[in-house]
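Reviewing the structure listed below.
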Amino acid sequence: MSFENTSIDNQLLENLKSRFGYNDFRPHQETIIKHIINKEDLLAVLPTGAGKSLCYQLPAIIMPGTAIVVSPLISLMQDQVDSLTKLGIKSAFINSSLDSHDMTFVLENLNSFDLIYIAPERLSNQDFLKKLAHAQISAFIIDEAHCISQWGHSFRPDYRNLALLKETFPDKPIAAFTATATLKVSTDIQNQLKMTNPTLIKSSFDRPNLELRINEKIDPEDQLLTFMERNHGKSGIIYTSTRKKADSIHKLLLKHNYQAEKYHAGLTQDKRAQAQRAFITDDIKIIVATIAFGMGIHKPDIRFVFHLDMPKNIEQYYQEIGRAGRDGLPAECLMLYGTQDLFLHKRLLEDLQNETIKHELRFKTDQIFTLCSSIQCRRAELLK
C-alpha cells in the first residue's frame, strides 16, 4: 500500500519532534502509524525497546477523537499517563485505583482526552460500553496482545472480552502490539480480535547490544554473587522461579550490602508499586523478582538481567532479557539452568485439564531446555 501524502508526512515529523523530542522514526514506526491513521487493522510484533508506544501515541494526537488503549497492568497505565502528561498530551486511565470522583470525571469527559488507558476487565462493564458507544473513538489499541492467545506465554482470560470490540465498533481500527509472538500466536491474536484484513508487521528480533550467556546451575548463590561483584553499581533485574526464592535472594543481597528490593505477587500492591518506583528512579539498583515484574517497565539503563532459574519458555525468556539495554548500550544477560528446572515446569503442567494446551506447553518447555543445553551459538539458536 502506498502512503504518499506530503501533508501527513510533514504533520508526523513535526509532531515527532515537537511533542516527543525525536528527529527520526525507528524502523517500522512510520508505517505502523500510517496504517492506524488510515483506519486499518494491524498486528505489530516488535522487540522490546523498539518504541511501540510511540506507534499509537502519535496517531492518537493527530486523529480526531479518543484512542482507547487496553493495557494489562495498573502500574503500566500510571507510568504511561504520567509520561504523556509531562509531554502535554491529554491522557487518563480508568482502573480500580481511581476513586469514584475521578472515575466519574474521566467517564463524563471521554472526548476531551487523546488517549484513555483501560484494563481488559473494563469491557465486561455494560455501563462503560454504553459510554464508549456515545464517545468519538479514534482507534482501539491492544497492548501486550499475546495475552489474548491461549498459545501465548501470558494468557489472560479477561483479554477474551476484546472479541466484542469489532462486533460493537466495526468501523474502528484495531492495532495490536506485542514483543513476543510465534506465527501460531500471531494468527490466534488476529482471529480472536476479529480483525478485518489485518496487516502483520514483524521486526527483526536481534538485539546486538545484549551479551547472552547460559550456564549450567552448579552453586547458584555463589554464581550470582560472583556475577554481582563483576557488575557492582550497575542497575539490573534478578529473576527467580518462586516467591520464596525471591525472598531468600533478596535477603542474601542485603546481607552483602547491595541496594535491592523484591517484587512478586505475594506482596501488597503498595509494596510492589513502591519497589518498582524505587527501581525506576534509581533509589535502588537491583530488583529481585518473579515473572510478575517487568511488563511495560520504562527504564532504558538496565545493564543486566540474571535468571537464577530457566524460564518456562523461550518467549518469556526473550521478553525478560529484552528489558536490558534499551538505551542501545551494552548489557549482559546470564541464565542458570538445570534439569531440576525442566522437571519443575513439567510438574506444574500436570494440573492442566486441556491435553492440547498441556502438550503445547510441554513442547515449549523442551524447546527452551534444548536452547540452554545447545553447544551452538545461543543468539543464533534464539533467533531461529
*Can you sort out the partners of Phe343 under side chain to side chain contact (heavy atoms under 4.5 Å, CB included), two or more places apart, ordered by chain and number?*
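Listed in chain order: Thr339.
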Is a salt bridge present between [X] and [Y], judged by a nitrogen-to-oxygen distance below 4.0 Å?
X      : Y      : value
Arg326 : Asp301 : no
Glu211 : Arg213 : yes
Asp309 : Lys217 : yes
Asp341 : Lys312 : no

*Please say whether the positively charged group of Lys234, taken as NZ for Lys or CZ for Arg, lies over the ring of Phe304, i.e. under 6.0 angstrom from the six-membered ring centre and within 45 degrees of the axis.*
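Negative - Lys234 is either too far from the ring of Phe304 or too far off its axis.
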*Test salt bridge (Lys or Arg N to Asp or Glu O under 4.0 Å) on Glu332 and Arg230 and set out the steps.*
CA-CA 11 Å; Glu332 186 177 356; Arg230 195 171 73 248; 2.5 Å; yes
Any side-chain donor-acceptor pair under 3.5 Å between [X] and [Y]?
X      : Y      : result
Arg243 : Tyr263 : no
Asp41  : His35  : no
Gln319 : Glu315 : no

*Kindly write out the residues that satisfy salt bridge (charged side-chain N to carboxylate O under 4.0 Å, His left out) with Asp82, not counting sequence neighbours, or none if the list is empty.*
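Testing Asp82 for salt bridge (charged side-chain N to carboxylate O under 4.0 Å, His left out), a comparison that skips the adjacent residues, returns none.
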*State, with a plain yes or no, whether a side-chain heavy atom of Met310 is found less than 4.5 Å away from one of Tyr317.*
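With C-beta onward as the side chain, the pair stays apart.
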*Non-hydrogen side-chain atoms of Leu132 and Leu110 separated by less than 4.5 Å*: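 Yes, their side chains come closer than 4.5 Å.
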List the atom pairs, donor and acceptor, that lie under 3.5 Å between side-chain atoms in residues 265-276 and the rest of the protein, sequence neighbours left out.
from: Thr268; atom 1: OG1; to: Lys271; atom 2: N; distance (Å): 3.1
from: Arg272; atom 1: NH1; to: Leu267; atom 2: O; distance (Å): 2.6
from: Gln276; atom 1: NE2; to: Asp79; atom 2: OD2; distance (Å): 3.3

*For the residue pair Phe293 and Tyr239, categorise the inter-ring angle as parallel (less than 30°), tilted (30 to 60°) or perpendicular (more than 60°).*
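Aromatic pair Phe293/Tyr239 classed tilted.
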*Within a reach of under 6.0 Å around CG of Asn197, are more than 12 heavy atoms found that belong to other residues, nucleotides or ligands?*
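Counting other residues, nucleotides and ligands, CG of Asn197 stays at 12 neighbours or fewer.
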